[in-house]
Amino acid sequence: MRRCLLYARQLEEKMAAHMLGQQARQFSTSIIRPVTKLVKPPIQAYGVEGRYATALFSAASKQSKLDQVEKELGKVSVLIKDPKISSVVMNPHVKRSVKLQTFTDALTKAKVSPIVMNLINVLADNSRLPLTGNIITTFDSMMSAHRGEVICTVTTAKLLDQASLAELKVALSDFLQKGETLKLETKLDPSILGGMIVNIGDSYVDMSTKTKIKKLKALISET
């Protein structure tokens, strides 16, 4: 929690510097500031990326710009996948100032808001730019929960036909509570051989053929 408050404070200080100029930032760091009140996201996220995503959610929520920030982070996702940018920003041998300038130039062209720009500045200050993608993924999960969406990932060895997909959605709807909607994501993994693996909310169900075979072998070895 203390780390989240620190990151939230850093984002707010960057915002103050953007809006009021460098003098405002210098003044803000010369006085004792009250503890930043954090707006908690609907779900708790762990790890360093979770703390940054929580701080970002809080900053965006206070300015009523959650949806805007979510859309702009989509632009950032595209940028960090661009080889020209990622080869600089994600390279540990490139100077921090060069990374920040490269990212800032790209974000300026993309016309992102100060909140997103400030996030990148804070990440650069703390040498955390390589975590940008994970932070965006975590923030997206927070926004899904904010909208009442329950993310469900279904992994199969082969593509499901439309009939099977529709049947699966009906079965998964039993996990939902009032006001929640299902957001289904499908993945392919031939290594599971058959069946499926379902991740929904905090639940994990492995019904794959691979796991069944593994359990059967373990059972035979014990007899």
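Position 1 is the first residue of the sequence, and the numbers go up from there.
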Stepwise side chain to side chain donor-acceptor pair (under 3.5 Å) check, Thr138 with Glu49: CA-CA 7 Å; Thr138 304; Glu49 58 266 37; 5.3 Å; no

Gap separating the [atom1] atom of [X] from the [atom2] atom of [Y], nearest 0.5 angstrom:
{"X": "Met142", "Y": "Thr137", "atom1": "CE", "atom2": "OG1", "answer": "11.5 Å"}
{"X": "His93", "Y": "Asn91", "atom1": "NE2", "atom2": "CG", "answer": "6.0 Å"}
{"X": "Leu219", "Y": "Lys214", "atom1": "CG", "atom2": "NZ", "answer": "14.5 Å"}
{"X": "Ser58", "Y": "Leu66", "atom1": "OG", "atom2": "CG", "answer": "9.5 Å"}
{"X": "Leu107", "Y": "Lys109", "atom1": "CG", "atom2": "NZ", "answer": "11.5 Å"}
{"X": "Asn199", "Y": "Lys187", "atom1": "CG", "atom2": "NZ", "answer": "8.0 Å"}

Evaluate the side-chain proximity of [Y] to [X]: yes if any heavy-atom separation is below 4.5 Å, no if none is.
{"X": "Phe139", "Y": "Ile136", "value": "no"}
{"X": "Leu123", "Y": "Ile135", "value": "yes"}
{"X": "Leu38", "Y": "Thr54", "value": "yes"}
{"X": "Leu168", "Y": "Met196", "value": "yes"}
{"X": "His146", "Y": "Met143", "value": "yes"}
{"X": "Leu73", "Y": "Leu56", "value": "yes"}
{"X": "Ile80", "Y": "Val89", "value": "no"}
{"X": "Asp189", "Y": "Ile197", "value": "no"}

State, to 0.1 Å, how close [X] and [Y] come at their nearest heavy-atom pair, and which atoms those are.
{"X": "Ser87", "Y": "Pro83", "value": "OG-O, 2.8 Å"}
{"X": "Ala110", "Y": "Leu79", "value": "CB-CD1, 4.5 Å"}
{"X": "Val39", "Y": "Phe57", "value": "O-CD2, 4.0 Å"}
{"X": "Ser113", "Y": "Gln68", "value": "CB-NE2, 3.4 Å"}
{"X": "Gly194", "Y": "Ala157", "value": "N-CB, 3.8 Å"}
{"X": "Pro92", "Y": "Lys99", "value": "CA-NZ, 3.9 Å"}

Check the hydrophobic clustering (I, L, V, M, F, W, Y; side-chain heavy atoms under 4.5 Å; chains of links allowed) and say if [X] and [Y] are grouped together.
{"X": "Leu165", "Y": "Leu182", "result": "yes"}
{"X": "Met117", "Y": "Leu100", "result": "yes"}
{"X": "Leu131", "Y": "Val94", "result": "no"}
{"X": "Val198", "Y": "Leu193", "result": "no"}
{"X": "Ile151", "Y": "Leu188", "result": "no"}

Heavy atoms of other groups near Lys75 NZ, more than 12 under 6.0 Å: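 Buried by this count: over 12 neighbours within 6.0 Å.
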
Residues, nucleotides or ligands: over 12 heavy atoms within 6.0 Å of Glu185 CD: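 Buried by this count: over 12 neighbours within 6.0 Å.
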
Leu119 vs Val76, side chain to side chain contact (heavy atoms under 4.5 Å, CB included): CA-CA, chis, key distance, verdict: CA-CA 11 Å; Leu119 169 68; Val76 178; over 6 Å; no

Residues Val205, Ile200; criterion side chain to side chain contact (heavy atoms under 4.5 Å, CB included); working and verdict: CA-CA 9 Å; Val205 182; Ile200 180 168; over 6 Å; no

Pair Val154-Leu184, side chain to side chain contact (heavy atoms under 4.5 Å, CB included): steps then yes or no: CA-CA 7 Å; Val154 176; Leu184 182 62; 3.6 Å; yes

Heavy-atom donor-acceptor pair, Lys65 side chain to Ala59 backbone, under 3.5 Å: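 The answer is no, because no donor-acceptor pair under 3.5 Å joins these two groups.
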
Chi angles and distances behind the side chain to side chain contact (heavy atoms under 4.5 Å, CB included) call for Leu129, Ile120: CA-CA 7 Å; Leu129 283 176; Ile120 300 304; 3.9 Å; yes

Partners passing salt bridge (charged side-chain N to carboxylate O under 4.0 Å, His left out) against Arg147 (at least two apart in sequence or in another chain):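 Arg147 satisfies salt bridge (charged side-chain N to carboxylate O under 4.0 Å, His left out) with Glu70, Glu149 once adjacent residues are dropped.
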
Test item: side-chain donor near acceptor, Asp206 and Thr211, under 3.5 Å: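 Present: a donor and an acceptor within the cut-off.
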
